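Here is the structure we will look at, set down as structure tokens.
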There are 2 protein chains.
Amino acid sequence: MSKKYFKPMSFSITEENYIKAIFHLQQEEGTVSTNDLASVLSTRAASVTDMLKKLKTKKLLSYEKYKGVRLTSEGKKLALAIVRKHRLWEYFLVNKLQFGWDEVHEVAEELEHITSRKLVEKLDAFLGFPRFDPHGDPIPDSHGKMLVQQQINLIDLPVNKTAEVCAVGSQSTELLELLRHKNIGIGTKLEIKKKFSFDHSIEIRVRNQPAFTISQQLAQALFVKTV
Amino acid sequence: MSKKYFKPMSFSITEENYIKAIFHLQQEEGTVSTNDLASVLSTRAASVTDMLKKLKTKKLLSYEKYKGVRLTSEGKKLALAIVRKHRLWEYFLVNKLQFGWDEVHEVAEELEHITSRKLVEKLDAFLGFPRFDPHGDPIPDSHGKMLVQQQINLIDLPVNKTAEVCAVGSQSTELLELLRHKNIGIGTKLEIKKKFSFDHSIEIRVRNQPAFTISQQLAQALFVKTV
DNA sequence: TAATAAATTTAGATTTGTCTAAAAAATATT
DNA sequence: AATATTTTTTAGACAAATCTAAATTTATTA
Ligand SMILES: [Mn+2]
Ligand SMILES: [Mn+2]
Ligand SMILES: [Mn+2]
Ligand SMILES: [Mn+2]
């Protein structure tokens with residue numbers, strides 16, 4: 001009886017970047033548009049159309065002209081494998097190599113395409129099987145499963161309820177620079193002392209330090225879990 | 001007064017692989033032939049010619065039709081940076097992730113193309129600034145300098161003189177498999193008990209274990225330094 | 001519903017890296 | 001020196017990924 005051998009299909013870095021981008025976009029809207037993809041990948045709609053046709057023949061996504069695109073389960077599997085690598089490497093860079101959490105994204109963007117399966121598993125073990133990356137995003141395990149943290153937007157946290165920052169809503173240098181300056185990071189415990197309805201700014205207190213005010217925009221970029 | 005900004009030219013993975021291959025080949029013969037390059041890069045002579053023309057315009061090498069090729073100092077600098085990354089990653093894989101020394105070459109072949117300067121320097125520090133990779137090859141420092149170990153071929157070691165294995169002459173799986181079976185690695189201390197002129201095999205003794213014989217081919221693939 | 005605007009796809013080029021087959025140059029052999 | 005062999009280069013083509021400009025489809029608005 002002969003076992004069937006699946007040739008472990010491999011994909012170009014470009015193809016992987018498309019798959020990952022579709023994966024992230026379809027978290028929000030179920031189906032992803034050509035223009036949105038072109039925008040996040042910094043390319044042109046025409047190029048996206050070409051690539052979608054190709055990825056369709058590789059059975060990574062379902063696509064009909066003018067109807068947008070969704071990943072197949074094969075495509076999701078690939079996306080999760082890339083996300084897993086991306087976040088494991090970010091964890092490595094911050095926790096082993098002492099990178100700042102705002103410096104790791106670009107590097108991980110390259111490292112996520114290293115193909116060795118064994119490398120990923122050994123790296124995971126070396127890091128102690130972390131479940132969240134330095135930005136608070138969950139790291140898929142080797143089967144593609146990831147924990148969903150029940151997190152709420154800081155703006156929705158009730159006054160005087162202690163909570164812990166567990167994720168950020170963006171990874172822009174600008175946001176991370178601001179957080180560094182205010183000394184807020186993943187794991188920071190805080191509570192809201194007052195909400196101002198005029199500009200929706202909020203006054204928060206971290207540990208036993210004096211309270212200070214943060215803007216609506218900043219509060220919306222922070223996710224917390226109550227503790 | 002305006003400082004001159006050098007755009008940090010960047011090169012494709014293919015270009016980097018060419019530069020590294022030329023670097024290694026020109027260690028032996030001063031100038032490198034089109035055919036030799038085609039052979040080590042598993043490509044065709046015609047492709048090599050095309051690439052040499054391109055790399056010449058990028059000033060990484062000097063090349064005249066039919067005359068072979070040499071790296072410029074720019075080219076050497078790039079080659080050393082790639083070799084540095086390759087060997088640092090190999091060290092990481094073996095000493096931090098518990099890879100076998102015969103499993104790391106392929107993975108390092110990919111990792112050596114990750115571009116972040118900061119990553120290399122932080123990795124180097126994390127590893128404790130190692131000077132030799134798991135195969136005994138020297139790791140260039142951040143300025144491209146590397147230690148030259150005064151090493152001799154095992155076949156030339158005098159009888160009864162204790163020496164330490166410090167490098168292997170090839171990284172073929174076959175060789176590394178044999179070494180693993182015989183329990184010989186970088187750092188193994190041994191001495192020659194007898195040389196047989198019939199087939200140039202030699203009898204060696206490792207530590208206090210019983211002596212055993214190794215072939216001429218194996219002896220020639222091992223480099224030692226006397227201790 | 002008809003006209004207009006926006007999103008998407010096609011057509012046709014371009015760049016990079018590769019290939020085969022044929023021509024040209026350098027070496028080796030008689 | 002003439003011939004044969006090997007090495008290297010050129011010529012022409014191809015696949016991947018991209019682009020601009022034009023055509024087409026879908027969505028919006030009057
Ligand atoms: Mn990427
Ligand atoms: Mn992250
Ligand atoms: Mn390589
Ligand atoms: Mn090595």
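All chains are named by letter (A, B, ...) in the order of the sequence lines, taking the proteins before the strands, and each is independently numbered beginning at 1. These numbers come from a predicted model, not from an experiment.
More than 12 heavy atoms of other residues, nucleotides or ligands lie within 6.0 Å of NZ in B:K195, so this atom counts as buried by the packing criterion.
Contact annotation for A:S47: base contact, defined as any heavy-atom pair under 4.0 Å involving a base atom. Within 4.0 Å (heavy atoms only), A:T49 reaches at least one base atom of the nucleic acid. A:T34 comes within contact range of the sugar-phosphate backbone alone, with a heavy-atom separation under 4.0 Å but no base atom that close.
In this structure, B:K122 has no side-chain hydrogen bond (donor to acceptor under 3.5 Å, both in side chains) partners at least two apart in sequence or on a different chain. Judged as a salt bridge (charged side-chain N to carboxylate O under 4.0 Å, His left out), and not counting sequence neighbours, the contacts of A:K20 are A:E109, A:E112.
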What does the list of N/O pairs under 3.5 Å between the protein and nucleotides 22-29 of chain C look like, with a distance for each?
residue, atom, partner, partner atom, Å
C:dA25, O4', B:Y66, OH, 3.4

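Rounded to whole Å, atom P of D:dC19 lies 10 Å from atom CG of A:L41. Following rounding to the nearest Å, B:Y18 (OH) and C:dT16 (C1') show an atom-to-atom distance of 12 Å. Look at CE on A:M51: it is 12 Å from C1' on D:dA15, rounded to the nearest Å. The distance between atom NZ of B:K56 and atom C1' of D:dT9, rounded to the nearest whole Å, is 14 Å. Distance B:D50 CG to D:dC14 P: 16 Å, rounded to the nearest Å. Between A:N35 atom CG and C:dA5 atom P there is a gap of 18 Å when expressed in whole angstrom units. The interatomic distance linking B:F11 (CZ) with C:dT16 (P) rounds to 13 Å, in whole Å. Taking atom CG of A:L55 as the reference point, atom P of D:dA16 lies 12 Å away to the nearest angstrom.
For A:R84 and A:D124, the salt-bridge test passes: some basic side-chain N is under 4.0 Å from an acidic carboxylate O. Salt-bridge check for B:E74 with B:K58: failed, with every basic side-chain N at 4.0 Å or more from each acidic carboxylate O. A salt bridge does not link A:E64 to A:R70: none of the charged side-chain nitrogens sits closer than 4.0 Å to a carboxylate oxygen.
Nearest to the side chain of B:A46, among C:dT10, C:dT20, C:dT18, sits C:dT20. Checked against D:dT9, D:dT10, D:dT18, the side chain of B:K53 finds its nearest nucleotide in D:dT10. Which of D:dT10, D:dT20, D:dT18 sits closest to the side chain of A:R44 comes down to D:dT20. Side-chain proximity of B:T43 to the nucleotides C:dC19, C:dT9, D:dT18 is greatest for C:dC19.
Using a 4.5 Å heavy-atom cutoff, the side chains of A:V48 and A:T43 are in contact.
The phosphate of C:dT8 has neither OP1 nor OP2 within less than 4.0 Å of any side-chain N or O from A:Y63.
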